[in-house]
**Student:** 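My questions will all concern the structure given below.
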Amino acid sequence: MENRIKVYNTLTQKKEDLIPFEGKTVRMYVCGPTVYSSAHLGHARAAITFDVITRFLRKVGYKVEYARNYTDVDDKIINKSKETGIPPEEVARIYTEEYKNDMFNLGVETPTHEPKVTEHIPEIIDLIKTIIDKGYAYQSDGDVFFSIKMFRGYGKLSKRTPDEMLAGIRVDINEKKEDPLDFALWKGVKPGEPWWKSPWGKGRPGWHIECSAMSMRYLGNSFEIHGGGKDLIFPHHENEIAQSEAATGVEFVKYWVHNGVIQINREKMSKSLGNIINVKDALSIWNREAIRLFLLSHHYQNPADFSEKALDESETALERLYIMFKRANDLTKNNKREDKELATSLNLFNTKWIESMFDDFNTADTVGQLFDLVRATNRSIDAFGWTHTLQETIEEIRSFGSTLGILELNPDDYLKKEKLSKRSLEIDEEEINELIEKRNAARKEKKWKRADEIRNYLDSKGITLEDTPKDTIWRVKAK
RNA sequence: GGCGGCGUAGCCAAGAGGUAAGGCAGCGGUCUGCAAAACCGCAAUACCCCGGUUCGAAUCCGGGCGCCGCCUCCA
């Protein structure tokens, strides 16, 4: 078939060929966090989804200009400041740092640009001016509102008309607005709030305008991909389209790409349900690669139901991969034979996973293919030991892993060190090694009862032993 | 109420007209002192229900039922 990447576009509700405006450069903007609280799994999913998309596009030869913002002025930040007594700038600074840290710990690569709202106030003011000049916005008191009825395409992304939205129940009444659906581009200052000077008096940007201003600043008036969680489609992205296209008269974004939400036990993760899981907390329990594998085992558009069981299963699945790496590592390179069956499996994998990624970044499908190859690889290790083909296979799996941001550790680091430090297991490496020696001494004398006692003891501490022809190896149980 | 989406074996989850990936859990076998890991096999007539289109439907269309998201701050 056509050698083109297909991407599902929320705007057209179809999978489309990804065709950049120019050559092989893809410009992508993804809505980053409003920095008023710790990053949760929803942030992690969005970041990882677009991290993988970026990694893959680059792998297949695209240049990706990737911008992801920090919204560091906002009502929620101001509220947090009032609650805690910490100045708003400080609230924003703390959570921006935390977000960066969390993303680093999740293995998310840093985007090309990470603009902050507070550093782009002039751009925002200019953009609002243009929108007013073109007649799409009006001043009311100290505020500036976007007039949705002036923009003909309003609702094209979220597939609803203003009338339908008005039929909905909760629309806040604000006498300053001409139409209840109008939204603020600029908010006049209130006592104790951060403000900047503007042609409309002191104030600050409304929500939505920052993303338009910053994406245009770094990526241009029209760019290829705009991403974010599905929950941002309305009103955030709808409003971005309206204000951007009102200002420039050209199509803002070619492909709108939205990731599905995280659910906890089939329910939305939300403050009111009290079921928000922070990235930091998840990382204290599970390896970051397990979290990524869990997410990437779902198609990015589908909801992902997070549970302890599901994450434990991802760790178990990862363990299978690392055990395979370890088996391969431990082989001596003395075999001159080649395994043709493995070569065939490898070729199949090479073409299939790329194909799956070309088809709307179907990482879940690639994971299935990976495990097919893993079986073939283990079979090959059993039958042939080390071969050049095996070496090649391992390298290819690693390379695949680096596109998904998994399988980047040494087997021993994953199977031992990482987990030893993550679980408080009341046992250390030294003691484990001592016990293994004792057990092997017992085994030599065929004192099986004693040997099994030691193994059971270690098992009770969460350590699994494995006797290989050469020696005894150990790992921390997956659970 | 409006808009969007989902329902695939015990659980999780891909697939979107051509005869159902993969993971986890379970069972049996090979290997092992016994295990573990790995491999082989079983469970497995797995596509919510009822109609329709088609040579052929999990996939398309219509109608049900159940669940979820958005419409208010959200990744």
Side-chain angles (χ1 to χ4, degrees), chain A residues 10 13 15 30-34 36-37 39-50 74-76 79 155 158-161 163-172 181 207 227-236 238 258-263 266-272 276 293-294 297-299 301-305 307 309-310 312-320 323-324 326-327 352 356 359 362-372 374-383 443 446-449 451-452 455-456 459 464-469 472-475 477-478:
Chain A
T10 306
Q13 297 177 290
K15 267 190 219 175
V30 175
C31 289
T34 299
Y36 73 105
S37 64
H40 58 240
L41 290 173
H43 296 108
R45 186 174 200 194
I48 289 171
T49 296
F50 294 99
D74 178 87
D75 291 348
K76 293 188 290 295
N79 289 339
S158 54
K159 315 299 170 199
R160 40 194 143 188
T161 64
D163 286 345
E164 287 167 347
M165 291 182 228
L166 277 172
I169 359 164
R170 289 155 295 194
V171 180
D172 62 341
L181 294 172
W207 184 43
K230 273 194 201 308
D231 50 350
L232 290 179
I233 293 171
F234 189 88
H236 187 52
E238 193 68 61
H258 292 99
N259 62 275
V261 297
I262 295 283
Q263 300 178 319
R266 317 217 82 228
E267 279 180 316
K268 179 193 155 95
M269 194 167 68
S270 77
K271 281 246 161 84
S272 49
I276 292 200
L293 183 62
F294 165 77
S297 296
H298 297 69
H299 187 101
Q301 284 188 59
N302 290 344
D305 195 18
S307 66
K309 181 168 176 276
D312 287 348
E313 284 179 11
S314 290
E315 283 215 332
T316 305
L318 249 195
E319 184 180 77
R320 182 166 153 77
I323 287 174
M324 177 199 67
K326 178 150 179 63
R327 296 182 76 210
K352 284 186 83 175
S356 296
D359 187 8
N362 194 339
T363 55
D365 205 25
T366 70
V367 171
Q369 289 150 203
L370 171 66
F371 280 97
D372 278 335
V374 167
R375 182 170 304 104
T377 307
N378 276 319
R379 211 186 285 136
S380 181
I381 291 173
D382 286 344
R443 286 173 72 219
K446 297 201 191 300
K447 289 180 179 163
W448 306 124
K449 204 182 154 201
D452 290 352
R455 188 171 58 198
N456 290 339
D459 187 70
T464 301
L465 293 191
E466 197 177 319
D467 297 320
T468 73
T472 298
I473 59 178
W474 64 272
R475 66 175 169 274
K477 277 197 291 189

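Residue numbers begin at 1 in each chain, while the letters A, B, ... track the order of the sequences.
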**Student:** Using the C1' atom as the reference point in each nucleotide, state the distance between B:A44 and B:G26 in Å, no decimals.
**Tutor:**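 Comparing C1' positions in B:A44 and B:G26 gives a spacing of 13 Å.
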**Student:** Taking the P atom in each of B:G29 and B:G5, what is the distance between them to the nearest angstrom?
**Tutor:** 50 Å
**Student:** Are OP1 or OP2 of B:G4 and a side-chain N or O of A:His258 less than 4.0 angstrom apart?
**Tutor:**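 The answer is no; no side-chain N or O of A:His258 sits under 4.0 Å from OP1 or OP2.
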**Student:** Tell me whether the OP1 or OP2 atom of B:A14 has a side-chain N or O from A:Asn302 closer than 4.0 Å.
**Tutor:** yes
**Student:** How would you label the contact of A:Gln301 with the nucleic acid (heavy atoms, under 4.0 Å): base, sugar-phosphate, or nothing?
**Tutor:** nothing
**Student:** Can you tell me the pairing partner of B:A58 across any strand shown, Watson-Crick or G-U wobble, with both distances under 3.5 angstrom?
**Tutor:**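 Partner of B:A58: none found under 3.5 Å.
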**Student:** Check this one for me: any side-chain N or O of A:Arg379 less than 4.0 Å away from OP1 or OP2 of B:C40?
**Tutor:**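 Result: yes.
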**Student:** Counting only distance, no hydrogens or angles, is the base of B:A75 paired donor-acceptor with the side chain of A:Arg45 under 3.5 Å?
**Tutor:** no
**Student:** My understanding is that only residues two or more places apart in sequence, or in another chain, count here; which of them pass salt bridge (charged side-chain N to carboxylate O under 4.0 Å, His left out) with A:Arg327?
**Tutor:**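 Partners of A:Arg327 by the salt bridge (charged side-chain N to carboxylate O under 4.0 Å, His left out) criterion, ordered by chain and then number, come out as A:Asp382.
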**Student:** Is A:Asn362 near enough to B:A14 that one of its side-chain N or O atoms lies under 4.0 angstrom from OP1 or OP2?
**Tutor:** no
**Student:** So A:Ala317, base contact, sugar-phosphate only, or nothing? Heavy-atom distance under 4.0 Å.
**Tutor:** sugar-phosphate
**Student:** Taking any heavy-atom pair under 4.0 Å as a contact, classify A:Gly42: base, sugar-phosphate, or nothing.
**Tutor:**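 Base contact - A:Gly42 has a heavy atom under 4.0 Å of at least one base atom.
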**Student:** When the P atoms of B:A75 and B:G4 are considered, how many whole Å apart are they?
**Tutor:**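 Here B:A75 and B:G4 have their P atoms 24 Å from each other.
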**Student:** Without decimals, in angstroms, what is the distance between A:Ile262 CD1 and B:C70 P?
**Tutor:**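 Those two atoms, CD1 and P, are 14 Å apart.
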**Student:** Using the C1' atom on both, measure B:U19 against B:C12 and round to a whole Å.
**Tutor:** 25 Å
**Student:** Kindly indicate, with the supporting measurements, whether the criterion side-chain hydrogen bond (donor to acceptor under 3.5 Å, both in side chains) is fulfilled by A:Asp365 and A:Ser356.
**Tutor:** CA-CA 6 Å; A:Asp365 205 25; A:Ser356 296; 2.9 Å; yes
**Student:** Output all residues satisfying ring-ring contact (aromatic ring centres under 6.0 Å, His included) with A:Phe50, sequence neighbours left out; order by chain, then residue number.
**Tutor:**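 Applying ring-ring contact (aromatic ring centres under 6.0 Å, His included) to A:Phe50 gives none.
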**Student:** Taking the same atom, P, in B:A20 and in B:U59, what whole-Å distance lies between them?
**Tutor:** 14 Å
**Student:** Within a radius of less than 6.0 Å around NZ of A:Lys352, do more than 12 heavy atoms belonging to other residues, nucleotides or ligands occur?
**Tutor:** no
**Student:** Please measure how far the P atom in B:G52 lies from the corresponding atom in B:G18, and state the result in whole Å.
**Tutor:** 22 Å
**Student:** Could you tell me whether A:Leu465 contacts a base, only the sugar-phosphate backbone, or nothing, with contacts defined as non-hydrogen atoms closer than 4.0 Å?
**Tutor:**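 Base contact.
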**Student:** Ignoring hydrogens and angles, answer whether the base of B:C12 and the side-chain atoms of A:Asp305 contain a donor-acceptor pair closer than 3.5 Å.
**Tutor:** no
**Student:** Taking atom C1' in both B:U53 and B:C60, compute the distance separating them and give it to the nearest angstrom.
**Tutor:** 8 Å
**Student:** Is A:Arg320 close enough to B:A38 that one of its side-chain N or O atoms is under 4.0 Å from OP1 or OP2 there?
**Tutor:**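 Answer yes for this pair, as a side-chain N or O of A:Arg320 is under 4.0 Å from OP1 or OP2.
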**Student:** Answer with yes or no whether A:Arg375 presents, from its side chain, a donor or acceptor under 3.5 Å of a partner atom in the base of B:C39.
**Tutor:** no
**Student:** With a 3.5 angstrom cut-off on both distances, give the Watson-Crick or G-U wobble partner of B:C27, or none if there isn't one.
**Tutor:** B:G41
**Student:** Report the distance from atom NE2 of A:His298 to atom P of B:C6, rounded to the nearest whole Å.
**Tutor:**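 So the NE2-P distance, A:His298 to B:C6, works out to 15 Å.
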**Student:** For nucleotides B:C24 and B:C31, find the distance between their C1' atoms and express it as a whole number of Å.
**Tutor:**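 So the two C1' atoms sit 24 Å from each other.
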**Student:** Could you say whether the aromatic ring of A:Trp448 and the base of B:G33 stack, counting only centre distances under 5.5 Å and plane angles under 30°?
**Tutor:**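 It does: the ring sits over the base of B:G33.
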**Student:** Any base atoms under 4.0 Å from A:Gly32, or only sugar-phosphate, or nothing? Heavy atoms, all strands.
**Tutor:** sugar-phosphate
**Student:** When you measure from the centre of the six-membered ring of A:Phe371, is the NZ or CZ of A:Arg320 under 6.0 Å away and within 45° of the axis?
**Tutor:**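 A:Arg320 over A:Phe371 ring: no.
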